[in-house]
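The structure appears below as structure tokens.
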Amino acid sequence: MANMFPLSSDGQDPANLRDINEPLIDHSEGQLFLNEAFKIIIEEVLCKGTDVKQKVCEWKGPEDLALLLDLELRAEGEPQQRLLQRVKDVAKYSIKTSHPRFFNQQFAGVDYHALAGRFLSEALNTNLFTYEVAPVFVLMETEVLRSLRQLVGWTEGDGIFCPGGSTSNMFAMNLARYRLFPEVKSQGLWAVPRLTIFTSAESHYSVNKGAAFLGIGTDNIIVVKVDEGGRIIPEDLDEKIKLTKSQGAVPLLVSCTSGTTVRGAFDPLDRIADVCEKHNVWMHVDAAWGGSVLFSEQHRHLMKGVARANSVAWNPHKMLMAGLQCSALLLQDTTNLLKKCHSANATYLFQQDKFYDVNLDIGDKTVQCSRKVDCLKLWLMWKAVGSIGLAERVDKAFNLVRHLVEQMKKREGFHLLWEPEFLNVCFWFIPPSMRGKEGNADYQDRLTNVAPVIKERMIKQGTMMVGYQPLGDKVNFFRMIVLSTLVSKEDMDFSLDEIERLGNDL
């Protein structure tokens with residue numbers, strides 16, 4: 001690699017040879033570059049990237065992709081035209097997650113009002129920790145969190161935007177522990193007994209990660225049984241809490257899920273709340289995926305009882321398409337627990353003799369120092385379409401899923417694993433050569449290879465993207481996520497046609 005810090009021929013640093021009054025950056029040139037780069041972004045990402053006639057991806061293997069992108073960083077800068085080509089290459093070879101046929105993850109599509117908010121927050125480059133540097137966004141985040149809490153059913157409370165739902169879940173664990181054992185903040189793990197967390201095997205893996213990170217330990221996660229729909233069985237939760245108490249452990253937190261990652265199941269919150277109240281255990285609801293049903297009068301019943309929880313994690317960047325990342329932790333607490341638990345009282349930021357209300361300095365509620373503005377995109381989108389418009393998005397997604405399932409049932413070879421409760425459609429595709437041979441000894445081995453092969457073919461051809469995974473004793477199956485407002489019934493039909501085309505010869 002070339003020397004990134006070369007000296008001039010006389011041994012001096014070339015940076016020192018520049019006139020101190022000469023600007024290092026030509027702002028007019030930079031603005032021109034930005035203008036041209038935006039044109040590329042709009043054309044390649046927002047026009048082509050949302051056009052069903054275009055590919056979801058231009059797939060390249062890692063060696064070929066690295067060569068095409070010329071990733072090496074060098075001492076000398078590059079001319080503007082070459083940089084613009086690099087912008088175009090990045091757009092061309094990236095996955096078009098806004099494409100109507102991207103069904104791979106629990107984020108998809110694009111909302112242009114939210115995108116404008118994302119552009120604006122990036123341009124402003126604000127750190128959301130004190131009112132003096134982020135006055136607009138301190139007030140805006142407060143209002144957005146208040147509105148989200150109202151949907152949960154709380155008239156009062158607290159909250160913070162977090163860098164993802166995993167962090168929100170981890171914060172909830174930390175708050176639950178601090179509530180019971182505030183001395184843990186100063187004395188560490190020596191100050192607490194063995195703590196246990198209760199969740200289902202189908203909850204998000206961040207519960208395990210959080211327990212490991214916080215020193216609670218993954219061995220102290222107690223897995224609660226689920227019913228045939230993947231929902232926690234409250235009676236088993238009650239029995240397991242009693243058992244851990246009898247073993248001398250302290251039940252810390254129950255992590256329920258509203259919209260599990262694979263099946264899209266909603267745990268029975270009201271009945272779980274009865275158990276949590278009985279044992280004085282913190283009830284956390286991971287609604288990162290499913291929380292947005294609260295906008296819909298037709299579907300909010302899926303989260304009946306959520307107002308009885310202590311905390312809720314909710315990711316508007318998923319179902320509402322606010323854009324990555326937009327993740328809120330909502331709390332019913334009114335005792336300033338969030339700040340008490342996480343504050344470090346840095347005097348260079350959080351001076352107590354400021355000329356304004358220092359309670360507006362919200363940065364000490366989080367373990368972060370630098371914190372991006374994640375409320376603007378949601379606020380601007382919400383302002384644009386209103387709660388009614390967001391509810392319509394939720395209802396449309398459910399309608400598309402119903403259409404997909406109806407069409408799937410009419411086709412030979414598609415086998416639903418479960419009737420979907422939410423927007424996750426889980427199914428096997430059975431190729432013609434395997435139909436009627438379910439009793440064969442090698443059937444499961446052959447079936448487990450079907451989804452990976454079809455997935456490889458669809459990615460390499462760039463026609464669509466759908467995820468797959470095993471679950472329990474179920475071998476690899478497709479999990480199709482439907483949420484984007486850009487998706488139509490025609491896209492649903494295409495997805496079935498395409499899976500048949502790609503897999504009929506297997």
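Numbers for residues simply follow the sequence, beginning at 1.
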Practice problem: Evaluate salt bridge (Lys or Arg N to Asp or Glu O under 4.0 Å) for Arg402 paired with Glu406, printing each intermediate quantity in order. | Solution: CA-CA 6 Å; Arg402 278 192 285 273; Glu406 287 170 3; over 6 Å; no
Quiz prompt | Residues Arg263, Glu421; criterion salt bridge (Lys or Arg N to Asp or Glu O under 4.0 Å); working and verdict | solution = CA-CA 8 Å; Arg263 287 208 238 186; Glu421 185 175 18; over 6 Å; no
Self-check item: Verdict with supporting geometry, Asp70 and Arg74, salt bridge (Lys or Arg N to Asp or Glu O under 4.0 Å)
Solution: CA-CA 11 Å; Asp70 184 21; Arg74 303 178 179 90; 2.8 Å; yes
Practice problem: Kindly determine whether Trp314 and Ser258 satisfy side-chain hydrogen bond (donor to acceptor under 3.5 Å, both in side chains), including the steps that lead there. | Solution: CA-CA 10 Å; Trp314 184 351; Ser258 289; over 6 Å; no
Quiz item: Would Ser255 and His284 satisfy side-chain hydrogen bond (donor to acceptor under 3.5 Å, both in side chains), going step by step from the backbone distance to the final call?
Solution: CA-CA 5 Å; Ser255 184; His284 174 65; 4.9 Å; no
Exercise. Show the numbers, then the answer: is there a side-chain contact (heavy atoms from CB on, under 4.5 Å) between Met408 and Leu496?
Key: CA-CA 7 Å; Met408 199 175 284; Leu496 300 182; 3.8 Å; yes
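With respect to Glu132 and Lys354, a salt bridge is recorded, a charged nitrogen being found less than 4.0 Å from a carboxylate O. Glu156 and Arg149 are not joined by a salt bridge, as no carboxylate oxygen comes within less than 4.0 angstrom of a charged side-chain nitrogen. A salt bridge does not link Asp333 with Arg179: none of the charged nitrogens is closer than 4.0 Å to a carboxylate oxygen. Ion pairing between a basic and an acidic side chain is recognised when a charged N comes within 4.0 Å of a carboxylate O; Arg393 and Asp111 show such pairing. We find that Asp364 and Lys339 are not joined by a salt bridge, their nearest charged nitrogen and carboxylate oxygen being 4.0 Å or further apart. The pair Arg231-Asp267 does not count as a salt bridge, with every side-chain nitrogen at least 4.0 angstrom from each carboxylate oxygen.
Of the possible polar contacts, none joining the Glu498 side chain to the Met458 backbone as a donor-acceptor pair under 3.5 Å is found. In this structure a side-chain-to-backbone donor-acceptor pair under 3.5 Å is present from Lys455 to Val466. Listed for the Thr260 side chain is a donor-acceptor partner under 3.5 Å among the backbone atoms of Ala265. Put simply, the side chain of Ser168 never gets that close to the backbone of Ala313: no donor and acceptor are under 3.5 Å apart. Put simply, the side chain of Asn127 gets close to the backbone of Arg371: a donor and an acceptor are under 3.5 Å apart. Looking at Asn315, its side chain never comes within 3.5 Å of a backbone N or O of His317 through a donor-acceptor pair.
Listed by chain and residue number, nothing satisfies the ring-ring contact (aromatic ring centres under 6.0 Å, His included) test with His204 (two or more places apart in sequence, or in another chain). With sequence neighbours excluded, the residues forming a ring-ring contact (aromatic ring centres under 6.0 Å, His included) with Phe398 are His299, Phe422, listed by chain and number. Judged as a side chain to side chain contact (heavy atoms under 4.5 Å, CB included), and not counting sequence neighbours, the contacts of Pro452 are Tyr468, Asn476. Checked against side chain to side chain donor-acceptor pair (under 3.5 Å), Asp89 has the following partners two or more places apart in sequence or in another chain: Gln85. When the side chain to side chain contact (heavy atoms under 4.5 Å, CB included) test is applied to Val90, the partners found at least two apart in sequence or on another chain are Ser94. Applying the side chain to side chain contact (heavy atoms under 4.5 Å, CB included) test to Asn125 and every residue at least two apart in sequence or in another chain returns nothing. Partners of Tyr356 by ring-ring contact (aromatic ring centres under 6.0 Å, His included), not counting sequence neighbours, listed by chain and number: Tyr131. Here Glu78 pairs with Arg86 under the side chain to side chain donor-acceptor pair (under 3.5 Å) rule; sequence neighbours left out. Evaluation of the side chain to side chain contact (heavy atoms under 4.5 Å, CB included) rule for Lys372 yields Glu122, Asp374 as partners, not counting sequence neighbours.
Annotation: cation-pi geometry satisfied between Arg101 and Phe494 (NZ/CZ under 6.0 angstrom from ring centroid, within 45° of ring axis).
Heavy atoms from other residues, nucleotides or ligands lying under 6.0 Å from NZ of Lys396 number more than 12. Heavy atoms of other residues, nucleotides or ligands lying less than 6.0 angstrom from CZ of Phe213 number 12 at most. Within 6.0 Å of NE2 in His113 there are 12 or fewer heavy atoms belonging to other residues, nucleotides or ligands. When the shell of 6.0 Å around NZ of Lys60 is examined, it contains 12 or fewer heavy atoms from other residues, nucleotides or ligands.
Sorted by first and then second residue, the pairs that involve residues 134-177 and meet ring pair (Phe, Tyr, Trp, His ring centres under 6.0 Å), not counting sequence neighbours, are Phe171-His342.
At a threshold of 4.5 Å between non-hydrogen side-chain atoms, the residues Leu145 and Glu141 count as touching.
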Report, one line per pair, each donor and acceptor closer than 3.5 Å where one atom sits in a side chain of residues 51-59; sequence neighbours left out.
from	atom 1	to	atom 2	distance (Å)
Asp51	OD1	Lys53	N	2.9

Less than 3.5 Å apart, which donor and acceptor atoms pair up between the side chains of residues 35-45 and the rest of the protein, not counting sequence neighbours?
from	atom 1	to	atom 2	distance (Å)
Glu36	OE2	Lys39	NZ	3.2
Glu44	OE2	Lys48	NZ	3.2

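Of all heavy-atom pairs between Met321 and Ala114, the closest is O-CB, 4.2 Å.
Phe427 and Trp418 have their aromatic ring centers separated by at least 6.0 angstrom.
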